[in-house]
K.L.:
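The following block contains the structure, expressed as structure tokens.
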Amino acid sequence: MNIMYKSTRSNNEKVTASQAILKGLAEDGGLFVPEEIPALDVELETLSSMTYQETAYEVMKLFLSDFSEEELKACIRGAYDEKFDTDLIAPLVKKDGAYYLELFHGKTIAFKDMALSILPYLMTTAAKKNGVKNEIVILTATSGDTGKAALAGFADVPGTSIIVFYPKDGVSPIQKKQMLTQKGKNTNVVGIIGNFDDAQTGVKKMFNSKELAERMDKKGYQFSSANSINIGRLVPQIVYYVYAYGQLLKQGEISVGEKMNVVVPTGNFGNILAAYYAKNMGLPIDTLYCASNENKVLFDFFQSGKYDRKREFILTSSPSMDILISSNLERLIYRIAGEDADKTKALMEALVKEGNYEITPEMQEKLTCFQAGYASEGETAAAIRKVYEAADYVMDTHTAVASHVYYEKAAQSGTKTVIASTASPYKFTRSVMDAIDKEKYDSMTDFELVDELNRISGVTVPNAIEEIRTAPILHNTVCDKSEMQDTVEKILGL
Ligand SMILES: *Cc1c(COP(=O)(O)O)cnc(C)c1O
């Protein structure tokens, strides 16, 4: 079956998967969605004996149907190799009754690696397939983790360059150092005076500027996106939910066909949307728990049907979820609106103009498979402490938000529950160690804390951290949120 992609905001544009990956965003500003969600065509039983790479092929071939078997398998081979510190790629570990799906074993120790390890391969294959001659400029806004994972993925990939914008004061010290020490001739990192939503809005504006696109084309450049608005990010993220189900079967924790829940720490709604797509493919998922931090715009949305971004932006200890405009929610809205592009467009325009929108009761009825919860800063820290004390397992702050929601809402459901564990605790060492014992650790430096975390958890310090201990800072550009386009033009010499 050949799956084509269309925009969430009009019915004018129909493109192949490879074209959708190249473009990132549809011309009308909408997001690309598959015309239909394909059904999983392997027996559930078989999943238990499949490797991560085999599972990836089974899932991705359905969505990326214009890639040949050879092309797709080469992308998968290139992506999921020794860059990951375990052959399992995404191990599922049981701790205190919950199943933590560890998505942080890649190069930059956050779950963004799961998709951003493969995106450069998908992108360059797509460029070849479509006869693209321009250099592809990856333009990305990051709340901390996407930036580094995209930089690591695209560094020195021929035919591409990458520009990353991050909120100068809105990422963890380790996240920042990881980005600023990035090597590669084609990499650019820019701090903005503004928050993540400002960065994302600025990037979207550049994507939507026809005038800019024309000037770039004349110089031999075209933009694409490494943000989760790109379906080349979304599709690889479906894989690990299917894999998790196979692992539950393999470990004898569930029987074939038995349902599982998932709890996902959520910001831009990409990760949990992938789980929703997996459910729609026929994977036995019961409830999807959307877990937010104090920026609980999604929690309020699921409770009331009203999305309202007009509120204070709070900097939390889970910075990758400090987001008030969850881009990928648009794809869910489109689906519960009965794939009505006009309706979706009207709601998204209201969000830009008025800062809010409200869905109809009929749309709300289609959200019964979702539940939402959130964790305050205190609850997040308490969750880290609780699981450390109960199971000697140290989790990061984002995972802890999900863990809190698990104990609050899912633990008593009687259904086996998978928690998407989105970052290594080493990426947020200070917040994690503060949660465990603030008084004891307060005076230590970041790298002393790294060694202390190693001592109390017994988990080897990842390469990603060892690397930055002594690495020189290679990027120092900072601009105001209003100067993002000027900065891009300067970098590209337009
Ligand atoms: C990006 C990120 C999230 C949020 O994922 P979304 O797909 O944006 O909802 C959660 N945790 C970590 C560690 C992240 O890097």
Side-chain angles (χ1 to χ4, degrees), residues 31 90 100-116 119 140-152 164 166-167 170-172 174-175 178-179 196-197 199-200 225-231 233-238 240-241 262-278 288-293 295-299 301-302 316-332 370 372 374-375 380 384 395-405 419-429 431-432 464:
L31 307 191
Y100 289 85
L101 179 62
E102 295 188 346
L103 303 172
F104 53 77
H105 289 273
K107 232 176 174 175
T108 75
I109 60 175
F111 97 95
K112 304 295 195 293
D113 289 325
M114 302 305 298
L116 284 164
L119 185 65
T140 287
T142 184
S143 55
D145 290 331
T146 290
K148 178 62 186 185
L151 287 162
V164 169
Y166 73 96
V171 301
S172 85
I174 288 182
Q175 285 178 316
Q178 276 190 308
M179 287 191 280
F196 170 72
D197 287 328
Q200 179 159 259
S225 167
N227 279 105
S228 56
I229 52 174
N230 195 314
I231 60 122
R233 276 280 298 276
L234 192 58
V235 170
Q237 291 180 179
I238 302 169
Y240 47 74
Y241 291 104
V262 297
V263 190
V264 186
T266 297
N268 225 354
F269 210 76
N271 199 356
I272 194 166
L273 185 77
Y276 176 72
Y277 276 20
L288 303 126
Y289 292 88
C290 174
S292 300
N293 65 21
N295 294 292
K296 60 182 183 56
V297 64
L298 287 165
F299 171 80
F301 168 73
F302 281 108
T316 72
S317 59
S318 45
S320 304
M321 294 156 64
D322 290 346
I323 293 175
L324 294 179
I325 307 171
S326 293
S327 292
N328 271 294
L329 189 65
E330 179 167 345
R331 289 185 164 114
L332 180 67
F370 284 94
Y374 72 97
T380 304
I384 293 176
M395 66 177 81
D396 98 289
T397 44
H398 302 74
T399 309
V401 167
S403 179
H404 171 80
V405 171
I419 296 175
S421 181
T422 50
S424 157
Y426 282 103
K427 200 155 190 175
F428 301 94
T429 320
S431 301
V432 167

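Counting convention: from 1, in listed order, for ligands and their atoms alike.
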K.L.:
For Q178, which residues count as a side-chain hydrogen bond (donor to acceptor under 3.5 Å, both in side chains) partner, sequence neighbours excluded?
P.N.:
K427

K.L.:
Could you please provide the protein residues found below 4.0 Å of ligand 1 on a heavy-atom basis, arranged by chain and number?
P.N.:
F111, K112, D145, P265, T266, G267, N268, F269, G270, N271, S320, M321, H398, T422, A423

K.L.:
For Y240 and F111, take the angle between the two ring planes, folded into 0 to 90°, and tell me which bin it lands in: parallel under 30, tilted 30 to 60, perpendicular over 60.
P.N.:
perpendicular

K.L.:
For T142 and T140, run side chain to side chain donor-acceptor pair (under 3.5 Å): C-alpha distance rounded to whole Å, both residues' side-chain angles, the deciding distance at 0.1 Å, then the answer.
P.N.:
CA-CA 6 Å; T142 184; T140 287; over 6 Å; no

K.L.:
Go through the structure and list residues passing side chain to side chain contact (heavy atoms under 4.5 Å, CB included) with Y374, not counting sequence neighbours.
P.N.:
S292, K296, F299

K.L.:
Drop me the distance from S317's OG to I384's CD1, to the nearest 0.5 angstrom.
P.N.:
6.5 Å

K.L.:
Would you please name every residue forming a ring pair (Phe, Tyr, Trp, His ring centres under 6.0 Å) with Y426, sequence neighbours left out?
P.N.:
none

